[in-house]
Number of protein chains: 2
Amino acid sequence: MLPTFDSVFSIDCVIFGFEAGELKILLIERNEEPFKDWLALPGYIVEQDESIDDAAERILYELTGLRDLHMQQFHTFGEVNRHPQGRVITVAYYALIRINGQKELRPVTQFARKAFWHPVNELPKLAFDHSEIFNTGFNKIRRRLNYQPIAFELLPEKFTLTQLQSLYEAILNMKLDKRNFRKKMLSYGFLKELDEKQKGVSYRAAKLYKFDRRKYAKIFHNDMNLDK
Amino acid sequence: MLPTFDSVFSIDCVIFGFEAGELKILLIERNEEPFKDWLALPGYIVEQDESIDDAAERILYELTGLRDLHMQQFHTFGEVNRHPQGRVITVAYYALIRINGQKELRPVTQFARKAFWHPVNELPKLAFDHSEIFNTGFNKIRRRLNYQPIAFELLPEKFTLTQLQSLYEAILNMKLDKRNFRKKMLSYGFLKELDEKQKGVSYRAAKLYKFDRRKYAKIFHNDMNLDK
DNA sequence: AGATAGTGTGTGAAAATTACACCATTAAAT
DNA sequence: ATTTAATGGTGTAATTTTCACACACTATCT
């Protein structure tokens with residue numbers, strides 16, 4: 001039979017959102033020791049009878065009220081002393097989501113006092129090794145931006161090219177040339193130009209586009225998940 | 001306090017080597033149930049007081065006698081029923097090594113009957129979900145080949161450009177153009193041409209080259225480990 | 001009518017990628 | 001000494017991709 005240890009698995013989630021031209025992540029305020037009152041990534045312990053992928057979804061839901069994100073594992077942290085109370089190995093996941101003013105963030109367990117969006121710049125110190133986890137995750141999506149349809153999960157269904165560009169700039173942390181960016185994006189052929197325009201802006205309204213997931217998959221003929 | 005579960009962590013290793021123009025991986029023959037007598041990736045259980053990175057090194061050593069490889073985590077497998085006797089979550093690592101006829105592979109535990117190199121083509125069915133683990137790892141290094149100095153860990157210290165090319169071809173599973181390949185490799189500037197030539201071949205001896213790790217790091221100005 | 005703020009567009013230079021074929025050198029066999 | 005077998009080593013032109021760069025247009029607000 002298998003030996004038994006007092007080892008614990010957990011999941012930690014780095015959830016990216018994009019709002020007001022800024023890239024943000026989801027943090028919770030902890031309501032339990034250790035690190036009570038600290039800010040942390042949403043994370044909790046994996047149950048016996050659920051896969052880690054399932055656990056990631058459940059835990060995120062319980063801590064933030066968010067459901068049905070497409071979560072992707074990116075690294076496992078297994079230093080001996082990363083948790084002050086015992087051995088905890090954690091599998092880190094990221095997900096990307098459109099921040100939607102409507103959707104309220106409300107933890108369904110007492111473990112988190114609240115959940116909220118925080119800009120990725122000027123992040124405060126986080127509980128445990130969560131700052132390191134965040135950095136690792138941020139590097140990961142930065143790299144994947146080039147070969148995974150990451151950006152479109154962060155934008156509303158209909159978006160302008162300028163919004164898309166400013167998202168790229170936020171993730172890559174660099175300015176891009178407008179003409180070259182548009183040329184390249186459009187040349188891929190997976191953006192569908194709509195007959196609609198932006199509304200409610202006090203300047204010339206921009207055309208709206210949609211991401212065509214099927215064309216993307218055909219073009220890159222991967223299953224959009226090739227990197228596992 | 002932390003809850004206690006009968007959960008077990010393990011490590012599984014996909015160790016690549018290159019010999020006689022063929023890419024190979026290291027397998028063991030299991031000497032214990034479950035899957036007794038099956039072929040499997042080297043893998044075993046993580047102890048309480050060691051980090052997963054340390055565990056990976058230790059376990060590989062115990063099962064194969066190999067030491068001091070540079071092991072890199074690539075994915076964690078956490079399906080509920082991946083192990084028939086209980087819940088086992090496994091963190092998979094890969095490493096690359098020069099196969100060296102001299103170095104004998106000898107397990108230092110009874111758990112593995114023997115360890116040996118097997119070509120990555122025509123792999124037999126492996127124990128547990130190890131076939132899936134292998135595939136995931138192979139895809140990973142295939143992708144990383146372009147931005148990590150993976151190839152040079154598989155070759156002897158001094159190598160010819162033809163050897164380097166045939167390694168690329170083995171990993172990418174495609175033919176490459178000789179002139180373009182050489183031009184490109186040399187243009188990077190991290191290959192150092194030696195004054196030596198190949199010996200003992202019955203045809204024109206090729207120049208030998210060395211990989212210059214420092215120049216590589218300077219050129220790509222990453223710490224060679226950016227992908228974590 | 002003018003100010004404001006962001007939209008939308010093209011061209012040329014430079015760099016990188018691709019396709020492609022033949023002679024040179026060596027050791028072994030005759 | 002000659003031949004053979006096997007691999008080493010090299011250049012050029014066409015194409016594609018990347019990069020740098022600036023101005024006129026449109027809608028709204030005052």
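Convention: sequence-line order gives letters A, B, ...; per-chain numbering from 1.
The nearest whole Å value for the distance from the CG atom in D177(B) to the P atom in dT10(D) is 14 Å. Atom CD of Q165(B) and atom C1' of dT10(D) are 14 Å apart (whole Å). When rounded to the nearest whole Å, the span between CG of L186(B) and C1' of dG8(D) equals 13 Å.
Contact of the Q148(A) side chain with the L96(A) side chain is not registered, since no non-hydrogen atoms from C-beta on lie closer than 4.5 Å.
Within the 3.5 Å criterion, the main-chain N or O of L155(B) finds a donor-acceptor partner in the side chain of R98(B). Between the side chain of Q198(B) and the backbone N or O of T160(B), no donor-acceptor pair lies under 3.5 Å. In terms of modelled atom types and a separation under 3.5 Å, the side chain of R142(A) and the main chain of I171(A) share a donor-acceptor contact.
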Protein N or O to nucleotides 14-19 of chain D N or O, pairs below 3.5 Å:
from	atom 1	to	atom 2	distance (Å)
dC19(D)	N4	K183(A)	NZ	3.3

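Taking the centre of each ring, Y209(B) and F159(B) stay at or above the 6.0 Å mark. Between Y216(B) and F211(B), the ring centre distance stays below 6.0 Å.
Taking the 5' to 3' direction, DNA chain C first and last meets chain B under 4.0 angstrom from a heavy atom at dT17(C) to dA28(C).
Looking at residues two or more places apart in sequence or on another chain, you find a side-chain contact (heavy atoms from CB on, under 4.5 Å) between A170(B) and F18(B), L23(B). By the ring-ring contact (aromatic ring centres under 6.0 Å, His included) test, F128(A) pairs with F35(A), H83(A), H130(A), sequence neighbours left out.
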With B for base contact, S for sugar-phosphate-only contact and - for none (protein heavy atoms under 4.0 Å), nucleotides 22-30 of chain D reads B--BBBSS-

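T160(A) comes within 4.0 angstrom of no nucleic acid atom, judged by non-hydrogen atoms across all strands.
Here salt bridge (Lys or Arg N to Asp or Glu O under 4.0 Å) pairs that include residues 173-187 of chain B, with residues two or more places apart or in two chains, are E169(B)-K175(B).
Other residues, nucleotides and ligands contribute only 12 or fewer heavy atoms inside 6.0 Å of the CZ atom of R106(A).
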